[in-house]
**Student:** 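Before we start, here is the structure in question, set down as structure tokens.
Residue numbers begin at 1 in each chain, while the letters A, B, ... track the order of the sequences.
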Amino acid sequence: MSKYEHTEIETRWQQSWRQEQRFEIDDYPENPFYLLVMYPYPSGRIHMGHVRNYAIGDAIARFKRKQGYDVMHPMGWDAFGLPAENAAIERGIDPGEWTRSNIEEMKGQLDKLGFSYCWQREIATCDPDYYKWNQKIFLELYRHKLAYRDLTGVNWCPSCETVLANEQVQDDECWRCDSEVVEKNQHGWFFKTTDYAEELLADLDELRGWPSRVVEMQKNWIGQSIGAKIQFELSDLSEKLEVFTTRPDTLFGATYMAVSPEHPRVMEIVRGTDQEAAVKEFLKRVEKNSEKQTTEGIFTGRYAVNPVNNKQLPIYLADYVLADYGTGAIMAVPAHDDRDFEFASHHGIEIVEVIKQPDSSADADGLSSPYTGEGELINSAEFTGVHSEKAREQIVDLLEQQNRGEKAVKFRLRDWGVSRQRYWGTPIPIIYCDSCGTVPVPEEDLPVELPSDVDFQQSANILSSSREFVHTDCPECGEPAHRETDTMDTFVDSSWYYARYCTPFDENRPFDPDVVNFWLPVDQYIGGVEHACMHLLYSRFFHKVMRDFGWLDTDEPFVRLLTQGMVLLGGEKMSKSKGNVVDPEEMQQQYGADTVRLFTLFAAPPEKDLEWDESAVQGGHRFLKRIWNFFLDNREMLTGKQSSPDPDDIDGEAEKKLLKKSHETIKNVTHDLDTEYQFNTAIAACMELFNSMQENFSPDNRVVAWSFSVLLELLYPITPHIFCELAERLQYPQNPADSDWPQWSEDALQEEEIEIVIQVNGKVRDRMTVAVDLPREQLEQQALTQEKVQKYLKSEIKKIIVVPGKLVNIVV
RNA sequence: GCCGGGGUGGCGGAAUGGCAGACGCUACGGACUUAAAAUCCGUUGGGCCAUAAUGGCCCGUGAGGGUUCGAAUCCCUCUCCCGGCACCA
């Protein structure tokens with residue numbers, strides 16, 4: 001009659017869903033499920049990575065709806081960022097217009113793939129109605145002293161002309177443009193993520209629905225180390241030098257102190273010593289060094305005193321000591337630290353062992369390598385003989401009593417630098433006044449909107465070229481003042497967008513707490529693993545901060561997280577520069593959205609990388625065509641038969657087989673989708689069911705029609721268009737978009753007879769079909785008498801193992 | 001260097017203590033066709049034996065060892081690949 005016309009079918013159903021506003025959701029439905037996919041940057045075209053992310057999301061959304069959930073599945077746009085600004089610079093296009101037309105384009109592409117979003121909740125972060133609330137949150141952070149301005153060495157990308165967060169620097173290169181990042185001193189705004197370091201770390205344990213990989217990455221990133229701060233008196237000065245160490249147990253082995261050349265107190269330490277001139281020389285030289293060397297260092301001429309044994313320790317400046325970790329100074333224990341050992345050996349400093357190596361053959365002097373493990377203390381006065389782990393606590397206790405040290409926890413995590421010297425971002429709502437200083441913009445003046453009278457051709461900060469924007473009056477004294485011209489990192493936008501979706505039109509606040517508490521946390525979040533340490537950490541930080549503002553009640557934003565793998569072609573990530581990009585829209589036009597979705601979900605489990613393979617795409621298309629042709633061939637027999645046949649009516653062998661297969665498939669697919677979103681195996685099971693329908697096919701098989709309807713229900717979340725179409729053409733009482741997820745019956749899975757494998761010494765030698773409740777003895781007997789088994793039973797039978805319902809293993 | 005994940009046919013991948021390779025792709029053979037495409041049917045881990053044919057046997061999940069009646073699956077050692085962190089004291 002008519003072949004499978006995917007374009008026609010898909011267009012028709014997409015229109016129908018849109019007209020019926022089928023996937024919109026109320027603020028307070030009965031059975032909420034919040035499914036969130038990471039919103040895209042509106043570059044203008046969607047790519048395969050998006051398709052994969054959103055195909056997974058949509059299949060889950062549709063599956064959950066069929067299970068009776070009221071699914072909120074919103075979509076929006078991460079609409080601030082550099083490319084819009086570059087388009088303005090290079091082609092003179094207004095960034096706003098550029099962005100909005102990209103959004104239109106991409107929205108059309110997403111719709112053509114049949115994704116079931118509640119578009120009424122759509123947000124775009126470049127909209128003043130959205131970024132107004134970034135500014136409100138910023139002010140609230142400022143009020144709580146969680147936002148501050150500081151002059152620091154920042155990572156500066158000369159090509160993007162902006163400051164980068166630590167997370168955005170990869171191998172000393174800019175994450176965006178790969179140019180080399182340089183260090184530059186600049187004023188910038190920071191959020192105090194470090195205040196939440198402890199909680200961010202501790203609550204990772206609650207995130208059982210997250211991939212352990214991401215949890216590990218965050219743990220690493222936060223980088224907690226537990227140790228102690230210890231104060232060392234400086235000889236001839238009534239000053240102290242504080243260090244941080246994780247190994248206070250090795251304190252007796254400290255033979256020198258090492259201070260970072262960038263330490264603020266360097267000059268104070270060397271002043272008045274005969275090394276002063278040499279040190280200044282050294283500092284000049286070291287400043288230029290980009291590669292740091294462990295052996296690079298110089299004696300300062302000053303000594304510190306070891307608080308536990310009063311030993312004089314020479315203080316060195318050492319290039320290997322980081323200025324911005326711990327206190328910027330360390331106590332060096334060459335016998336038990338690799339770097340200290342290398343430095344000490346090079347500079348001829350004494351090496352004192354204080355931990356016994358468990359398997360050291362001889363305690364010969366002239367240690368060839370440091371021992372960094374645990375063990376019994378030696379050369380440590382009253383602590384000698386104590387195990388290092390215990391000594392750690394005892395020594396800190398002693399220092400605490402003497403007021404010379406205390407327990408301390410340090411984190412690798414730094415505060416989040418949010419200032420960007422760019423135009424296309426959220427303006428930071430701060431005004432600088434000569435007499436009043438730093439003044440927050442009053443809330444009633446929000447949003448501070450981006451001006452349009454800017455000069456995109458100037459190379460410095462574009463925002464500062466707007467007279468209208470920069471010049472303003474101080475909200476406090478009314479005198480002329482100027483605005484902050486930095487804009488916010490776009491990760492600010494994405495740190496709370498999941499909450500905005502709940503009440504996207506709230507004009508009075510970022511979101512309505514009641515609605516947000518009703519929906520949050522997000523039940524399932526899906527996106528790329530590349531956001532493990534940035535977006536996902538910042539969002540967690542924001543969530544906790546907003547909780548402490550009293551805006552919401554929960555501790556974490558995302559209960560379950562799925563990080564999908566990349567889409568590869570020829571084993572490599574698709575990229576324009578490599579020229580190995582497959583355009584999703586072309587694929588969708590050629591094979592149809594259903595085929596693209598089917599392939600994407602079938603070719604690999606969601607979390608693994610997926611190799612794009614066009615012949616496998618064709619394979620997916622062929623499967624849908626086969627189903628379509630089956631419908632054409634058997635239209636009359638299938639029409640209207642959506643309900644399960646009465647099992648008592650079924651007696652033919654083929655009917656029984658197919659009935660059981662159908663129930664089995666429902667069970668397996670339900671299980672695959674419910675627990676782990678294993679679409680690949682779910683689809684495979686459906687293919688098996690379809691194969692079985694053909695194997696057991698006859699025009700009078702009374703199960704076929706029902707099995708076909710089961711197939712249609714089970715695959716609907718993955719390939720919705722074709723199955724809505726088939727359901728309609730077959731005049732099913734219910735369309736799969738409305739019907740409940742099918743149920744299986746355990747009874748139908750029960751069989752009277754089962755096949756048992758017979759092994760001899762663990763090798764399969766035969767199989768037999770027996771009654772399901774055959775007692776063990778008879779099972780053994782029957783196994784032993786099998787002809788094929790007999791010939792392996794020449795020697796004595798030692799043991800027989802019976803696994804009920806599965807196998808008999810005879811050991812000879 | 002440290003932490004995590006992994007190694008299964010020609011390929012993507014199934015199987016998490018009980019029949020290895022489900023499902024699909026590719027390739028090959030056949031049917032249909034003037035022909036091709038599409039479609040349909042069959043074969044497809046390696047080796048060997050047998051045959052008119054159904055068949056039968058051995059080996060096989062990165063390597064080696066162990067636990068077990070039985071291991072892709074659990075344990076130990078090694079190796080290679082991928083990801084993250086990396087002078088963090």
**Student:** Expressed in angstrom and rounded to an integer, what is the separation of A:E342 atom CD from B:rC87 atom C1'?
**Tutor:** 10 Å

**Student:** Under the 3.5 angstrom rule, does the side chain of A:R765 hit a backbone N or O of A:V760 as a donor-acceptor pair?
**Tutor:**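 No, the answer is negative, given that no donor and acceptor are paired below the 3.5 Å cut-off.
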
**Student:** Write out a two-atom table: protein N or O, nucleotide N or O from nucleotides 45-49 of chain B, distance below 3.5 Å.
**Tutor:**
none

**Student:** Not counting sequence neighbours, which residues clear side-chain hydrogen bond (donor to acceptor under 3.5 Å, both in side chains) with A:T255? List them please.
**Tutor:** none

**Student:** Answer yes or no: is there a donor N or O on one side and an acceptor on the other, between the side chain of A:R414 and the main chain of A:R412, under 3.5 Å?
**Tutor:**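 Yes; at least one donor-acceptor contact below 3.5 Å.
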
**Student:** Between B:rA63 and B:rA72, how many Å separate the two C1' atoms, rounded to a whole number?
**Tutor:** 15 Å

**Student:** Between B:rA15 and B:rG24, how far is it from one P atom to the other, in whole Å?
**Tutor:**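 16 Å, rounded to whole Å.
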
**Student:** List for me each residue that meets side-chain hydrogen bond (donor to acceptor under 3.5 Å, both in side chains) alongside A:T327, sequence neighbours excluded, and say none if there are none.
**Tutor:** none

**Student:** Between B:rG83 and B:rC74, how far apart are the C1' atoms? Round to whole Å, please.
**Tutor:** 26 Å

**Student:** From B:rC69, B:rA89, B:rG84, pick the nucleotide closest to the side chain of A:Y325?
**Tutor:** B:rA89

**Student:** For B:rC19 and B:rC32, measure between their C1' atoms and round to the nearest Å.
**Tutor:** 38 Å

**Student:** Could you state the CZ-P distance from A:F599 to B:rU26, rounded to the nearest angstrom?
**Tutor:** 12 Å

**Student:** A:K410 near the nucleic acid: base, sugar-phosphate alone, or nothing, with a heavy-atom cut-off under 4.0 Å?
**Tutor:** nothing

**Student:** To the nearest Å, how far apart are A:I800 CD1 and B:rU68 P?
**Tutor:** 20 Å

**Student:** Mind checking the C1' distance from B:rA89 to B:rG66? Whole angstroms is fine.
**Tutor:**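 Taking atom C1' in both B:rA89 and B:rG66, they lie 41 Å apart.
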
**Student:** What integer distance in Å separates A:L322:CG from B:rA89:P?
**Tutor:**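 About 10 Å, once rounded to whole Å.
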
**Student:** Is the closest side-chain donor-acceptor distance between A:Y325 and A:S225 under 3.5 Å?
**Tutor:**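 Per modelled atom types, A:Y325 and A:S225 side chains form a pair under 3.5 Å.
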
**Student:** With a 4.5 Å heavy-atom cut-off, do A:T250 and A:M331 have their side chains touching?
**Tutor:**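 Side chain of A:T250 against side chain of A:M331, heavy atoms only: contact under 4.5 Å found.
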
**Student:** Can you check the A:I355 CD1 to B:rA89 P distance for me, whole Å?
**Tutor:** 16 Å

**Student:** Please round to the nearest 0.5 Å and tell me the distance separating atom CZ of A:R265 and atom NZ of A:K240.
**Tutor:**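 Separation between the atoms: 11.0 Å.
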
**Student:** Over how many whole Å does the gap from A:E242 atom CD to B:rA89 atom P extend?
**Tutor:** 16 Å

**Student:** Would you kindly compare A:S615 and A:K625 by the position of their nearest RNA chain B nucleotide and give the one closer to the 5′ end?
**Tutor:**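 Here A:S615 is the residue nearer the 5' end.
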
**Student:** Could you spell out the base pairing of RNA chain B in dot-bracket, with Watson-Crick or G-U pairs whose two distances are under 3.5 Å, [ ] crossing and | to another strand?
**Tutor:** (((((((..(((.....[....))).(((((.......))))).(((((.....)))))..(((((..]....))))))))))))....

**Student:** In this structure, is the centre-to-centre distance between the rings of A:Y591 and A:F599 below 6.0 Å?
**Tutor:** no

**Student:** Can you measure A:L537 atom CG to B:rG84 atom P for me and round it to whole angstrom units?
**Tutor:**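 In whole Å, B:rG84 P and A:L537 CG are 17 Å from each other.
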
**Student:** Could you write out each protein N or O paired with an N or O of nucleotides 54-58 of chain B at a distance under 3.5 Å?
**Tutor:**
unit_1	atom_1	unit_2	atom_2	d
B:rG56	OP1	A:K788	NZ	3.4
B:rC57	OP1	A:Y792	OH	2.7
B:rC58	OP1	A:R765	NH2	3.3
B:rC58	OP2	A:R765	NH1	3.2

**Student:** Given B:rA86, is OP1 or OP2 found less than 4.0 Å from the side-chain N or O atoms of A:R412?
**Tutor:** yes

**Student:** Residues two or more places apart in sequence or in another chain: which of them pass side-chain hydrogen bond (donor to acceptor under 3.5 Å, both in side chains) with A:T245?
**Tutor:**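 For A:T245, no residue satisfies side-chain hydrogen bond (donor to acceptor under 3.5 Å, both in side chains) once neighbours in sequence are set aside.
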
**Student:** What integer number of Å spans the P atoms of B:rG5 and B:rG9?
**Tutor:**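 Pairwise P distance, B:rG5 against B:rG9, rounds to 22 Å.
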
**Student:** Quick one: salt bridge (charged side-chain N to carboxylate O under 4.0 Å, His left out) pairs with a partner in residues 670-698 of chain A, sequence neighbours left out?
**Tutor:** A:K64-A:D674, A:K661-A:E688

**Student:** Pick the P atom in B:rG12 and in B:rG7, then give their distance to the nearest Å.
**Tutor:** 12 Å

**Student:** Using the P atom on both, measure B:rG55 against B:rG70 and round to a whole Å.
**Tutor:**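 Taking atom P in both B:rG55 and B:rG70, they lie 30 Å apart.
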
**Student:** What string of B, S and - do you get for nucleotides 6-24 of chain B, 5' to 3', when a contact is any protein heavy atom under 4.0 Å?
**Tutor:** ------SSS---BB--BBS

**Student:** Taking atom CG of A:L568 and atom CE of A:M48, what is their separation to the nearest 0.5 Å?
**Tutor:** 12.5 Å

**Student:** Can you list the residues that meet the side-chain contact (heavy atoms from CB on, under 4.5 Å) rule with A:K667, with sequence neighbours excluded?
**Tutor:**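 Counting only residues at least two positions away or on another chain, A:K667 forms a side-chain contact (heavy atoms from CB on, under 4.5 Å) with A:W744, A:E746, A:L749.
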
**Student:** Quick check on RNA chain B: between A:F411 and A:N220, whose nearest nucleotide comes earlier from the 5' end?
**Tutor:** A:N220

**Student:** Got a sec, which residues hit side-chain contact (heavy atoms from CB on, under 4.5 Å) with A:A783, two or more places apart in sequence or on another chain?
**Tutor:**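 Partners of A:A783 by the side-chain contact (heavy atoms from CB on, under 4.5 Å) criterion, ordered by chain and then number, come out as A:I758, A:M768, A:V808.
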
**Student:** Let me know the distance between CD of A:Q618 and P of B:rA37, rounded to the nearest Å.
**Tutor:** 13 Å

**Student:** What residue pairs, at least two apart or across chains, pass salt bridge (charged side-chain N to carboxylate O under 4.0 Å, His left out) with a residue in residues 597-615 of chain A?
**Tutor:** A:D58-A:R597

**Student:** What pairs with A:S380 under side-chain hydrogen bond (donor to acceptor under 3.5 Å, both in side chains), at least two apart in sequence or on another chain?
**Tutor:**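 Expected list: none.
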
**Student:** Syn if the chi torsion is within 90° of 0, anti otherwise; quick check, which is B:rG9?
**Tutor:** syn

**Student:** Do A:F602 and A:F623 have ring centres separated by under 6.0 Å?
**Tutor:** no

